[in-house]
Colleague: 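Sharing a structure below in structure tokens format, with a few things to ask.
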There are 2 protein chains.
Amino acid sequence: MESRCENCIIRQFNSLRALSKEELIKVSNAKTSKKVKKGDALFLEGQKLDGVYCVRNGVSKLSKLSSNGKEQIVKLTNIGEIMGQRSVIAEDYTNLSATAINDMEVCFIPKEIITNTLNTNPYFSLEVLRHMAHDLKEADDVIVNMSQKTVKQRLAEALLYLKENYGEDDNGFLQLSLSRDDYANIVGAATESLIRMISEFKKKGLLKTEGKKIGIVNECALKELVDGF
Amino acid sequence: MESRCENCIIRQFNSLRALSKEELIKVSNAKTSKKVKKGDALFLEGQKLDGVYCVRNGVSKLSKLSSNGKEQIVKLTNIGEIMGQRSVIAEDYTNLSATAINDMEVCFIPKEIITNTLNTNPYFSLEVLRHMAHDLKEADDVIVNMSQKTVKQRLAEALLYLKENYGEDDNGFLQLSLSRDDYANIVGAATESLIRMISEFKKKGLLKTEGKKIGIVNECALKELVDGF
DNA sequence: GCTAAGAACTGACAATTATCATGTTTTAAA
DNA sequence: TTTAAAACATGATAATTGTCAGTTCTTAGC
């Protein structure tokens, strides 16, 4: 009982919305659905991708290993996002690994369909271009944050981002629950440093925790922290 | 005595090579040439661009101010590169400032020409897409470097990059001469720290300096430094 | 429910990097 | 050529962040 792209609301959020009905039918016929368990990899850095992944459900982290063996998370995906575009377009190995943070449903679209459509439908190209332009801008922002902000500021920013993008549960805890390790790899700090910072925020009444769950208590204070007090 | 894009070798290096003869003629008729003095800005962060700049000569830095007032250099341009694409495509304000590092000659191409061509020539779109994909990959690499490598490693990497991309003069000094401030803003460190590091490298026989000029003496040692000794 | 594995956490300490203060050299303009 | 401004450089010190060594808490599998 496969669902059809033509009826999929999610495509409104990504570049597939630029496709004509005929093109969508082609995509739908070629695509395969896939379930990915929490913790499993969708693809690994350095692999060659045969297509792109469209996220129907769940969240994944895009990360890269540095030469010292530490992981750096470059981006978290949202529902509707397409992963692996960069690599397919540049006909290049992926520069990032994708790992499911919670259980995911994704659709795999073979690269031939994508490249064909890019060659024939300029609206699609343009749409992909816009998305990539957006990613590039965000990447620039991350660069500046990494080099100019303290771990404290980057953590504050990350927490606000998580609330903004993935929401919170009924008890005011962040919906997306990451390990402390993941937090450290987003912020770009040692896990111990990160944990200490969370404790500090908790002591100051900015956060609350319950097991691995984290909740934002004083959002304003966090926002002030982001641009140095 | 304006030169014509049709005869310009430089376009081989950028996405304009995907244009047909007729399209090139249109571009050439619409473009204006411009000289930019060392230190002058081509555009500023937050501006709306009416077109893109094609670099004929000289080098510029693309940078962003962080909230603490420090500048972070995100990228140095090469000859043939097109600046401002991201902003024109996303119909967005620029997220970066562009400043000439030495005297430059650039061609300004109005955005209407660019967007029109994007809408009608899928090869052009694809070519732009490839370039943007490449930039995105590089940006990811910078993120990882910023968060996982030490200042020492990032400096070593920057120096090797400068040699690789802009060459050295007859006496073995880097052709592109940057201020210590610029180095600090590339590497993402305080200027004093950066200067200290250069002194250290010099003491260890990795570099030589003469005024502001820097020359690489022991390239192998620098390369080893990049991935932790 | 018990238990082992792995997260989460804490402390002590070391390394890295920033800041402030100050002196020296270079550069460019009068 | 002089001179003021800017760039370069160094020392002393403080702040930030990482590392190592360990303890406690959680959780999944038996």
Side-chain angles (χ1 to χ4, degrees), chain A residues 37-39 66-72 101-103 145-156 158 173-174 177-204 207-215 225 228-229, chain B residues 37-40 61 66-72 99 101-103 145-158 173-174 177-204 207-215 225 228-229:
Chain A
K37 283 245 175 71
K38 174 177 174 173
S66 75
S67 46
N68 65 20
K70 271 215 74 176
E71 180 190 29
Q72 174 64 38
I101 282 182
N102 41 38
D103 289 348
N145 282 344
M146 283 297 172
S147 61
Q148 307 285 10
K149 295 196 171 163
T150 62
V151 171
K152 196 179 293 194
Q153 291 176 305
R154 301 205 296 272
L155 172 59
F173 290 102
L174 292 173
S177 118
L178 297 171
S179 70
R180 300 294 191 258
D181 230 20
D182 281 337
Y183 273 104
N185 295 340
I186 289 173
V187 164
T191 308
E192 297 94 323
S193 301
L194 190 281
I195 288 175
R196 249 182 272 276
M197 207 106 282
I198 289 179
S199 303
E200 194 188 319
F201 280 10
K202 201 172 148 184
K203 262 186 211 131
K204 287 187 180 159
L207 298 179
K208 58 182 176 181
T209 66
E210 198 181 296
K212 67 181 304 193
K213 285 190 292 182
I214 296 179
L225 251 180
F229 322 169
Chain B
K37 283 244 176 72
K38 174 178 172 170
D40 284 357
K61 57 179 177 184
S66 75
S67 45
N68 66 20
K70 272 216 74 177
E71 180 190 31
Q72 174 65 37
T99 314
I101 282 182
N102 41 37
D103 291 347
N145 281 344
M146 283 296 171
S147 62
Q148 308 284 10
K149 295 197 172 165
T150 63
V151 170
K152 195 178 293 193
Q153 291 176 305
R154 301 204 297 270
L155 173 58
E157 198 156 32
F173 290 102
L174 292 172
S177 119
L178 297 170
S179 70
R180 301 294 192 258
D181 229 19
D182 281 337
Y183 273 104
N185 295 339
I186 289 173
V187 163
T191 308
E192 296 95 323
S193 302
L194 190 282
I195 289 174
R196 247 182 275 275
M197 206 106 280
I198 289 178
S199 303
E200 195 189 317
F201 280 9
K202 201 173 148 184
K203 261 185 214 135
K204 288 187 181 160
L207 299 179
K208 58 183 176 181
T209 66
E210 197 181 297
K212 68 181 305 191
K213 285 190 291 181
I214 296 179
L225 252 180
F229 323 166

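Here is how names work: the chains are called A, B, and so on, in the same order as the sequence lines, proteins then strands, and each is numbered from 1. All heavy atoms count here, side chains included; hydrogens, waters and symmetry mates do not.
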Colleague: To the nearest Å, how far apart are B:Leu155 CG and C:dT17 P?
Modeller: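 Result: 11 Å.
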Colleague: Taking A:Lys149's backbone N and O only, do any of them form a donor-acceptor pair with A:Arg154's side chain (distance below 3.5 Å, no angle check)?
Modeller: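 Yes: the side chain of A:Arg154 pairs with the backbone of A:Lys149.
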Colleague: Tell me: CD1 of B:Ile214 to P of D:dA7, nearest whole Å?
Modeller: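 Rounded to the whole Å, the gap is 15 Å.
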Colleague: Checking contacts here: which listed nucleotide (C:dA8, C:dC20, C:dA18) is nearest the side-chain heavy atoms of B:Ala190?
Modeller: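 When the side chain of B:Ala190 is considered, C:dA18 is the closest of C:dA8, C:dC20, C:dA18.
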Colleague: Please identify which of these residues, B:Arg196, B:Lys204, B:Lys203, meets the side-chain hydrogen bond (donor to acceptor under 3.5 Å, both in side chains) condition with B:Glu200.
Modeller: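 Among B:Arg196, B:Lys204, B:Lys203, the one that satisfies the side-chain hydrogen bond (donor to acceptor under 3.5 Å, both in side chains) with B:Glu200 is B:Lys204.
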Colleague: Using a heavy-atom cut-off of under 4.0 Å over every strand shown, decide if B:Ser193 touches base, sugar-phosphate, or nothing.
Modeller: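 Counting heavy atoms under 4.0 Å across all strands, the contact made by B:Ser193 includes a base.
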Colleague: Does A:Met197 or B:Leu178 map to a spot on DNA chain D nearer the 5' end, using the closest nucleotide for each?
Modeller: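 It is B:Leu178, whose closest nucleotide lies nearer the 5' terminus.
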Colleague: Taking atom P of C:dA21 as reference, at what distance in whole Å does atom CD1 of B:Ile195 sit?
Modeller: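 About 17 Å, once rounded to whole Å.
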Colleague: Distance check needed: C:dT17 P versus B:Met146 CE, whole Å only.
Modeller: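 Checked: the CE to P distance equals 12 Å.
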Colleague: Hey, could you give me the OG/CG distance between A:Ser67 and B:Asn145, rounded to the nearest 0.5 Å?
Modeller: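 If we round to the nearest 0.5 Å, A:Ser67:OG and B:Asn145:CG are 8.0 Å apart.
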Colleague: Please state how far atom CD in A:Gln148 lies from atom C1' in D:dT16, giving the value in whole angstrom units.
Modeller: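 Distance, rounded to whole Å: 15 Å.
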Colleague: Examine the base of C:dC9 for any acceptor or donor lying under 3.5 Å from a partner atom in the side chain of A:Glu192, and report the outcome as yes or no.
Modeller: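 There is none.
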Colleague: Pick base, sugar-phosphate or nothing for B:Ser179, based on heavy-atom distances below 4.0 Å to the nucleic acid.
Modeller: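 Contact class for B:Ser179: sugar-phosphate only.
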Colleague: Please compare B:Lys70 and A:Arg196 by the position of their nearest nucleotide in DNA chain C and report the one closer to 5'.
Modeller: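 First, find each residue's nearest nucleotide; the 5'-ward one identifies A:Arg196.
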Colleague: Could you give the distance from CG (B:Leu155) to CD (B:Gln153), rounded to the nearest 0.5 Å?
Modeller: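 Those atoms lie 11.0 Å apart.
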Colleague: When you compare the side chains of A:Asn68 and A:Ser66, does any donor N or O come within less than 3.5 Å of an acceptor on the partner?
Modeller: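 A:Asn68 vs A:Ser66: donor-acceptor pair found between side chains.
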Colleague: Just compare D:dT17, D:dA9, C:dA8 and give me whichever is closest to any side-chain atom of A:Val151.
Modeller: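 Of the candidates, D:dT17 comes closest.
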Colleague: Expressed in angstrom and rounded to an integer, what is the separation of B:Leu194 atom CG from D:dT10 atom C1'?
Modeller: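 Going from B:Leu194 (CG) to D:dT10 (C1'), I get 14 Å.
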Colleague: Figure out the CZ/C1' separation between A:Arg180 and C:dC9, and round it to whole Å.
Modeller: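 Value for this atom pair: 9 Å.
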Colleague: Would you mind reading off the distance between A:Glu200 atom CD and D:dA15 atom C1', rounded to a whole angstrom?
Modeller: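 Rounding to the nearest Å, CD of A:Glu200 and C1' of D:dA15 are 13 Å apart.
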Colleague: Report which part of the nucleic acid A:Ser199 touches: base, sugar-phosphate, or nothing (heavy-atom distance under 4.0 Å, all strands).
Modeller: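 Sugar-phosphate, backbone atoms only, no base.
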